[in-house]
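Residues take their numbers from the sequence shown, with the count starting at 1. We count ligands from 1, going down the list as the structure has it; atoms in each ligand are counted the same way.
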Amino acid sequence: MDIIVTRTSALITDADVVPVIAAINHQIVWDFAPKWQVSGTLYLNSGPTGAARCSLQDTIDDPDALGYHVDENGLVEMIIDVEACQSSGDDWRTCLGHEALETLVDSLCNLMGLGAYTSFIREVCDAVEEDFYPGLGGVPVTNFVLPSYFGIGPVGPPWDMMGQLSGPAPALRPGGYIDELTGGAWTMHLGDRADGYMATRKNGRRAWRKRS
Ligand SMILES: [Zn+2]
């Protein structure tokens, strides 16, 4: 799935976005696609017909999120609130990568783990969202879990790209979280040191959401 990124945030310029998109595309090709068997390219301002949309802006209509991705009547859309990221000490660059990678795996926000892990939503960055590593040009890119974390394919370890997780779902890195659906009710598991900013959140730092 291709993703067209547009920027209206006054806090950054298109020139700031260019190297970030390059780093995420490089990560997708070399790190992410081989693990998750998905493909996709991010573009700035214009791209292929039918591509998903991602907006870098300074407002968001969900007070519990810095960013999210949704399936809006079949149109996949991502929102990143750059202002909220900066004011909370977060990095919009890894927030963008977070939403992009999660969209590539589960664009409709409706996939779960397999086997013993079917109660866990298949969000590939939430459990490790505080972890990042240097990407192309030194731009930080987000850690992500591997299919093994959700019971897909060969059993781990490793359970994540950086090899930091101690086990499959619901193991979490510090600052990570995972949503579990049991008996029709959602429960959010929070990792260690999920205090401060995260402690004020009812949803995850970067919530997923599906609109009907
Ligand atoms: Zn997420």
Side-chain angles (χ1 to χ4, degrees), residues 1 3 5 20 24 27-28 31-32 35-36 38 40 42 52-57 60-72 76-82 84-85 88-113 117 119-133 135 140-147 149-150 152 159-162 164-165 168-181 186-194 197-211:
M1 167 170 284
I3 299 170
V5 179
V20 177
I24 295 170
Q27 179 192 32
I28 290 170
D31 296 343
F32 196 70
K35 299 293 195 299
W36 277 100
V38 295
L42 277 64
R53 295 280 171 173
C54 179
S55 173
L56 295 165
Q57 55 191 52
I60 198 163
D61 60 357
D62 183 341
D64 291 323
L66 296 183
Y68 63 76
H69 56 108
V70 296
D71 162 31
E72 185 84 77
V76 176
E77 180 184 13
M78 285 149 273
I79 306 286
I80 310 295
D81 186 339
V82 176
C85 286
S88 65
D90 209 317
D91 190 331
W92 67 270
R93 298 173 298 179
T94 53
C95 192
L96 173 59
H98 178 129
E99 298 303 331
L101 297 187
E102 290 187 339
T103 298
L104 293 186
V105 166
D106 184 16
S107 64
L108 300 182
C109 303
N110 60 3
L111 296 180
M112 309 293 283
Y117 308 96
S119 63
F120 298 104
I121 184 85
R122 199 181 300 184
E123 295 287 295
V124 300
C125 295
D126 294 348
V128 295
E129 77 161 17
E130 290 291 289
D131 302 335
F132 57 87
Y133 59 98
V141 293
T142 182
N143 191 12
F144 57 87
V145 304
L146 300 178
Y149 182 76
F150 292 116
I152 302 165
W159 313 98
D160 62 299
M161 178 67 199
M162 294 173 66
Q164 298 293 308
L165 280 167
L172 296 169
R173 289 282 296 151
Y177 64 94
I178 188 170
D179 291 302
E180 181 172 21
L181 180 64
W186 287 100
T187 303
M188 176 176 284
H189 302 263
L190 293 174
D192 294 341
R193 291 191 301 168
Y197 178 82
M198 277 300 289
T200 70
R201 292 318 215 192
K202 294 198 294 285
N203 299 333
R205 175 169 295 185
R206 293 137 199 172
W208 63 274
R209 187 168 57 178
K210 180 176 172 63
R211 292 173 181 167

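Inspection of the Glu180 and Ser119 side chains reveals an N or O donor paired with an N or O acceptor under 3.5 Å.
Side chain of Tyr149 to backbone of Val124: no donor-acceptor contact under 3.5 angstrom is found.
With rounding to the nearest 0.5 angstrom, the CE atom of Met161 is 12.5 Å from the CG atom of Asp131.
Contact annotation: His98 places an N, O or S atom under 2.8 Å from the Zn ion (ligand 1). With a cut-off of 2.8 Å, the Zn ion (ligand 1) has no N, O or S atom of Glu129 in range. Glu123 lies apart from the Zn ion (ligand 1) in this respect, since none of its N, O or S atoms is found at a distance under 2.8 Å.
Rounded to 10°, the angle formed at the Zn ion (ligand 1) by Glu102 OE2 and Asp126 OD1 is 80°.
Ring orientation note: the planes of Phe32 and Phe144 are nearly perpendicular, at an angle over 60° on the 30°/60° scale.
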